[in-house]
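A note on names: the letters A, B, ... follow the listed sequences, proteins ahead of strands, and every chain is numbered from 1.
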Protein chains: 2
Amino acid sequence: MRLPTVEDVARTARVSRQTVSNVINTPARVKPATLLRVQAAIRELDYRPNQSARRLRQQKSATIGIRLDPQLNGISGAVLDRFLHSLTEQATERGLRVLLFTAATPTEEIDQIRALRDGADVDAFVLTATFDHDPRPEWLIEQKIPFVTFGRPWGIDDLNDPQHRWVDVDGRRGVYAATLSLLDAGAERVAWIGWPPPTATGDDRRSGWEDAMRERLGLGDAELASLCTEVVDDVAEATNAVANVLAGAVLPDGMVCASDTLALGALIAASTAGRRDIPIIGFDDTPVAAALGISSVEQRLDQVAAGALALLLGPVGDSVVASGALDVAHRLIEPALVLRRPQDLPMFNPSRIDGTAAADKH
Amino acid sequence: MRLPTVEDVARTARVSRQTVSNVINTPARVKPATLLRVQAAIRELDYRPNQSARRLRQQKSATIGIRLDPQLNGISGAVLDRFLHSLTEQATERGLRVLLFTAATPTEEIDQIRALRDGADVDAFVLTATFDHDPRPEWLIEQKIPFVTFGRPWGIDDLNDPQHRWVDVDGRRGVYAATLSLLDAGAERVAWIGWPPPTATGDDRRSGWEDAMRERLGLGDAELASLCTEVVDDVAEATNAVANVLAGAVLPDGMVCASDTLALGALIAASTAGRRDIPIIGFDDTPVAAALGISSVEQRLDQVAAGALALLLGPVGDSVVASGALDVAHRLIEPALVLRRPQDLPMFNPSRIDGTAAADKH
DNA sequence: CTGTTAGCGCATTCAC
DNA sequence: GTGAATGCGCTAACAG
């Protein structure tokens with residue numbers, strides 16, 4: 001049982017192969033009568049162009065490649081998953097396919113990218129999780145392989161390099177908004193629970209908290225430092241660290257965290273200390289945060305995906321354009337603050353346990 | 001800057017195109033001297049076969065398609081993510097690519113599969129999350145499209161249909177082992193926290209608990225029913241439900257749960273009731289369980305991925321074989337019990353908060 | 001507006 | 001062992 005080809009359609013519709021091709025690719029150039037006849041034949045045979053042949057002919061694959069991270073660290077692992085989903089969905093709408101690959105190290109990733117490109121399997125790549133001194137962008141630019149990164153080029157001065165297309169979430173602004181929401185509610189000692197610097201993403205997020213605290217309360221460096229806790233991204237470690245904070249001299253009346261992992265630790269510590277009333281805001285809006293009623297800063301991954309494709313393909317295109325063809329080569333997405341009230345969940349609140357739990361608005 | 005082709009390699013090595021092709025595909029049939037010369041030319045030009053051309057010629061894509069689930073099934077969402085990673089990794093080792101697609105409904109998924117197949121984009125499909133009266137396998141068999149499902153064909157009598165290749169995790173056996181581990185430790189009233197039937201997966205898992213309780217303690221239906229709690233897969237709901245259990249007449253001395261989501265609810269309820277000592281075992285071994293020190297039944301997703309590929313490609317092959325070519329058309333993977341001690345995490349345990357948290361062995 | 005010509009890069013016959 | 005044809009299915013360029 002062979003799949004029908006242009007030839008079959010042409011024979012059925014009594015036209016030449018090329019007319020069929022025209023009907024599919026440039027229908028405007030075909031006389032309405034024959035157009036209809038050919039389309040009928042296409043439907044009759046349930047014909048679809050063979051993509052391999054089309055790709056070979058057009059010298060492009062209409063496929064973008066993305067690496068699946070090795071082992072996504074803990075609770076925030078779902079972020080890439082959601083991004084992948086948005087990206088696939090929107091790529092499909094634009095007539096592109098998404099091809100997966102894995103690599104344990106940046107070097108290995110480069111090898112994979114080279115293989116994929118050399119095999120003409122992939123037209124462009126989406127890189128995630130950029131970091132300080134990331135070797136990948138430079139190599140890709142040098143190789144003239146189109147790409148876009150989810151994440152800014154950190155540490156280098158080429159934030160505006162048109163060669164390097166990037167989309168990122170404005171973590172600073174998200175944390176700024178989160179902090180303001182606590183200050184607006186009357187908090188005066190909002191603590192920051194973040195990662196030990198230097199981490200590009202973490203430092204950026206912390207600066208949002210700093211800005212808000214400076215602007216609203218006029219705090220100085222020393223005061224900020226006293227409200228700032230640094231701990232690696234681990235629930236147990238965060239629990240310990242925040243417990244110490246809560247046992248300290250200056251009791252915070254709000255906590256903004258660099259991740260939901262830290263926020264979960266903060267929640268556990270606060271609950272244990274009987275201070276479930278201290279509002280906590282995390283980052284990433286993971287399912288865990290939703291399940292536990294923790295407020296969080298949500299990365300709008302659908303917008304990130306849309307931005308990545310727009311940078312790669314142009315506003316409406318369906319094939320990869322050169323990096324110089326766009327006026328802007330980057331996009332900063334504003335995150336959304338998802339506020340949840342602690343009482344949405346009966347955690348550590350025996351009085352509500354027999355009541356009806358509020359549904360999680362997701 | 002054109003990519004090198006066989007022609008370029010042939011010219012460089014001073015042989016014909018076909019010899020180059022032979023060097024790549026059947027190196028045994030080439031004289032060692034020319035072999036070396038051609039290989040040197042390949043390396044020199046950094047030549048790689050164009051995959052589109054190869055696919056067109058061979059009439060196969062060496063690509064498998066998998067749908068990215070729309071629903072982020074809460075805390076357990078990462079399961080598909082991990083499976084995808086294993087699958088991609090092992091597929092790459094076998095020279096296959098993994099192509100993603102999305103679909104909101106089974107019907108839409110069928111449309112996507114048809115498009116992908118008709119475009120000769122994909123040789124075979126991996127379906128996840130099979131369910132009762134799943135329309136997809138039947139349609140795929142009818143269309144003669146090779147596929148394998150992660151999940152048994154539920155509800156039908158074709159568990160052994162060689163046309164339907166499937167891999168699944170033996171949930172019953174995992175829960176059985178989990179229950180036994182509690183009984184071995186001296187528990188006598190192990191409760192089951194599961195989903196309201198009928199859910200194929202959930203009922204299967206529950207039967208593991210039932211079997212263990214019957215065998216070891218000789219319990220009857222009524223006694224089992226009194227230890228069985230049914231609640232939808234939601235943390236808040238589970239918290240309520242387990243809180244009621246803990247406030248009831250028969251206090252369980254262990255809890256085995258159908259998911260980590262339920263286990264998290266159980267943990268919260270137990271903690272709130274001051275009964276953190278009651279051991280809890282979840283299912284899926286999610287990052288959350290790891291972070292909170294909850295024991296869990298781990299699906300060995302690397303084995304599932306390996307099984308899926310073995311069923312599709314044969315033990316060592318790199319191209320899809322017909323469904324009748326294998327002696328067995330399915331594989332049941334035994335899950336692993338991951339036991340964690342509650343004290344691994346200082347949750348709700350103020351006395352340990354200033355101590356060193358034990359590292360999580362993952 | 002339609003049909004003719006000519007490959008895209010590769011692998012599978014066959015001869016030699 | 002190696003090399004010469006042939007065509008996979010499609011579309012871009014050019015004639016008509």
Is there a side-chain contact between [X] and the phosphate of [N], meaning an N or O under 4.0 Å from OP1 or OP2?
| X | N | answer |
| --- | --- | --- |
| Asn50(A) | dC10(D) | no |
| Thr5(B) | dC8(C) | no |
| Ser52(B) | dG9(C) | no |
| Gln58(B) | dC10(C) | no |
| Ser16(A) | dT2(C) | no |
| Arg54(B) | dA11(C) | yes |
| Thr19(B) | dG3(D) | yes |

For atom [atom1] of [X] and atom [atom2] of [N], their distance in whole Å:
| X | N | atom1 | atom2 | answer |
| --- | --- | --- | --- | --- |
| Lys60(B) | dA11(C) | NZ | P | 11 Å |
| Arg11(A) | dG9(D) | CZ | P | 12 Å |
| Arg17(B) | dT2(D) | CZ | P | 17 Å |
| Asn22(A) | dA12(D) | CG | P | 9 Å |
| Ile24(A) | dC10(D) | CD1 | C1' | 9 Å |
| Leu56(A) | dA11(C) | CG | P | 12 Å |
| Asp8(B) | dG9(C) | CG | C1' | 11 Å |
| Asp121(A) | dG9(C) | CG | C1' | 14 Å |

Smallest heavy-atom separation, Leu301(B) atom then Arg82(B) atom, equals CD1-CB, 3.6 Å
Side chain to side chain contact (heavy atoms under 4.5 Å, CB included), that's the test. Do Thr12(B) and Tyr47(B) meet it? Break it down for me. CA-CA 11 Å; Thr12(B) 304; Tyr47(B) 163 81; over 6 Å; no
Please tell me which of Val20(A) and Val30(B) maps to the more 5' nucleotide of DNA chain D, matching each residue to the nucleotide holding its nearest heavy atom. Val30(B)
Report yes if a donor N or O on one partner sits less than 3.5 Å from an acceptor N or O on the other, where the partners are the side chain of Gln18(A) and the base of dT2(C); otherwise report no. no
Under 3.5 Å, is there a donor-acceptor pair linking the side chains of Thr102(A) and His85(B)? no
Can Asp123(A) and Ser61(A) be counted as having a side-chain donor-acceptor contact under 3.5 angstrom? yes
Salt bridge or not for Lys60(A) and Asp318(A), using N-O below 4.0 Å? no
Measure from the side-chain heavy atoms of Val15(A) and tell me the nearest of dG3(C), dC10(D), dC10(C). dG3(C)
Checking contacts here: which listed nucleotide (dC8(D), dG9(C), dT5(C)) is nearest the side-chain heavy atoms of Gln59(B)? dC8(D)
